[in-house]
Amino acid sequence: MSLYCGTACRRKFFWCYRLLSTYVTKTRYLFELKEDDDACKKAQQTGAFYLFHNLAPLLQKSEHQYLAPQYSLLELERLLGKFGQDSQILEDSVLIGCSEQQEAWFALDLGLNSSSSVNASLQKAEMETALQGSFIKLTKALFELNVKDASLLSTAQALLRWHDTHQFCSRSGQPTKKNVSGSKRVCPSNNIIYYPQVAPVVITLVSDGTRCLLVRQSSFPKGMYSALAGFCDIGESLEETVRREIAEEVGLEVDRLHYSASQHWPFPNSTLMIACHATVKPGQTELQVNLRELEAAAWFSRDEVATVLRRNNPSNQQQSGAVPFWLPPKLAIAHQLIKEWVEKPTCSPLPA
Ligand SMILES: NC(=O)C1=CN([C@@H]2O[C@H](COP(=O)(O)OP(=O)(O)OC[C@H]3O[C@@H](n4cnc5c(N)ncnc54)[C@H](O)[C@@H]3O)[C@@H](O)[C@H]2O)C=CC1
Ligand SMILES: [Mg+2]
């Protein structure tokens with residue numbers, strides 16, 4: 001189908017098309033690969049593969065950061081052959097994106113118990129030697145990856161985990177079958193389609209106008225404080241979740257709130273973090289911390305938070321002993337929310 005609406009406006013639309021073409025073409029190519037098994041199999045022939053072992057990505061350490069190596073199908077088949085593994089395991093790979101030149105990117109886990117391969121779990125140490133890298137937990141590696149790799153590997157891990165934990169139909173109990181791209185699983189006995197799940201979570205930086213509220217869960221790394229987060233309950237709007245979570249966890253009522261940004265977050269499962277700023281009424285700031293949810297919550301001044309942001313490295317702080325807390329790393333949306341508040345403390349909010 002033509003992308004132009006007619007000869008008269010061809011020139012004008014040519015410019016629009018030229019401006020959008022890379023992104024639109026890439027998006028439509030990925031859509032085709034998700035829907036069409038044959039096209040996706042073909043794309044694997046020229047595609048690149050990222051490797052995992054039990055959900056830990058294969059990484060190579062360069063001077064200052066981790067790099068995620070890519071392998072061609074041919075390289076992968078050779079490697080599998082070397083380990084006496086048949087290439088059926090490739091059926092477990094999932095599509096995670098593509099380059100601007102339409103080179104499709106896939107992820108494959110060599111350590112999970114595969115449904116399609118007899119001898120699925122390959123020896124981790126032997127693989128690492130052959131691949132000249134290490135399978136490193138994403139929780140450890142994420143913050144030392146560049147933004148592109150961090151995002152790709154987060155997506156890959158979430159998708160691989162979802163397939164690993166959703167291999168059976170919850171209605172019939174029969175094994176479900178993954179399509180080639182991994183965008184869905186289907187139960188052959190009743191045709192129920194299962195799509196990868198994402199849980200919406202709101203993360204809110206609460207302010208009383210001059211201070212912001214930071215909280216700690218006992219599961220956080222020592223000394224780290226963050227914005228207040230919570231899963232959306234079924235039936236709730238985003239605004240309702242923000243109001244409920246703030247009331248539940250610290251006993252405050254939201255006066256105004258506004259949306260800031262969102263982020264896919266792979267821990268502990270796939271969540272969509274929806275980041276907001278909220279204000280409470282001045283004079284209604286007394287905290288009643290729910291100790292079943294939080295270990296601590298406190299108000300911090302803009303100066304205190306700005307100081308910690310400037311030197312946000314827990315080991316430095318422990319050495320100097322000068323700053324009692326630290327904040328989530330740059331890649332986390334909590335960091336962006338806090339930074340936004342420090343830089344623009346009086347952005348115009350909407351009523352909740
Ligand atoms: N990217 C970032 O900057 C940050 C991300 N987070 C993420 O936000 C998420 C939610 O924060 P929490 O305060 O723990 O949520 P929360 O305040 O809703 O409490 C967690 C509890 O909610 C219940 N729950 C309801 N629906 C759930 C679901 N779909 N999955 C798991 N538990 C569910 C469970 O009982 C669980 O123990 C966490 O997974 C955390 O990793 C938290 C802070 C910063
Ligand atoms: Mg919470």
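For the single chain, residues carry numbers from 1 onward in sequence order. These numbers come from a predicted model, not from an experiment. Atoms within each ligand, like the ligands themselves, are counted from 1 in listed order.
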Protein non-hydrogen atoms only, distance under 4.0 Å: does atom 23 (C) of ligand 1 have such a neighbour? no
Per-atom contacts, ligand 1 versus Glu293 - under 4.0 Å to a heavy atom: 17 (O), 19 (O)
Below 4.0 angstrom, counting only protein heavy atoms, does anything approach atom 36 (C) of ligand 1? no
Gly230 near the Mg ion (ligand 2) via N/O/S, less than 2.8 Å: no
So which heavy atom in the protein is nearest atom 21 (C) of ligand 1, and how far is it from that ligand atom? Phe231 CD1, 4.6 Å
Lys184 to Trp162, cation-pi by 6.0 Å centre distance and 45° axis angle: no
N, O or S atom of Glu293 closer to the Mg ion (ligand 2) than 2.8 Å: no
Ligand 1 atoms nearer than 4.0 angstrom to some heavy atom of Val201 are 8 (O), 9 (C), 10 (C)
Could you list the atoms of ligand 1 found under 4.0 angstrom from a heavy atom of Pro268? 39 (O)
Tyr50 ring center near Tyr71 ring center (under 6.0 Å): no
Does Glu245 have a non-hydrogen atom less than 4.0 Å from ligand 1? yes
Provide the number and element of each atom of ligand 1 under 4.0 Å from a heavy atom of Ala334. 3 (O)
Phe220 and Tyr225: aromatic ring centres closer than 6.0 Å? no
Can you tell me which portion of His335 lies within the under-4.0 Å heavy-atom range of ligand 1? Options are side chain, backbone, both, or neither. neither
If you have a sec, work out which protein heavy atom is nearest atom 5 (C) of ligand 1 and how many Å separate them, to one decimal? Met273 CE, 3.3 Å
A student checking ligand 1 against Ser226 at a 4.0 Å heavy-atom cut-off should list atoms 43 (C), 44 (C)
Just jot down the ligand 1 atoms closer than 4.0 angstrom to any heavy atom of Gly230, in number order. 15 (O), 16 (P), 17 (O), 18 (O)
Can we say Lys344 and Glu340 salt-bridge, meaning some charged N sits less than 4.0 Å from an Asp/Glu carboxylate O? no
Check whether NZ of the Lys or CZ of the Arg Lys61 lies under 6.0 Å from the centre of the six-membered ring of Tyr66 and within 45 degrees of that ring's axis. yes
Residue-level breakdown please: for Ile203 versus ligand 1, do any non-hydrogen atoms fall below 4.0 Å on the side chain, on the backbone, on both, or on neither? side chain
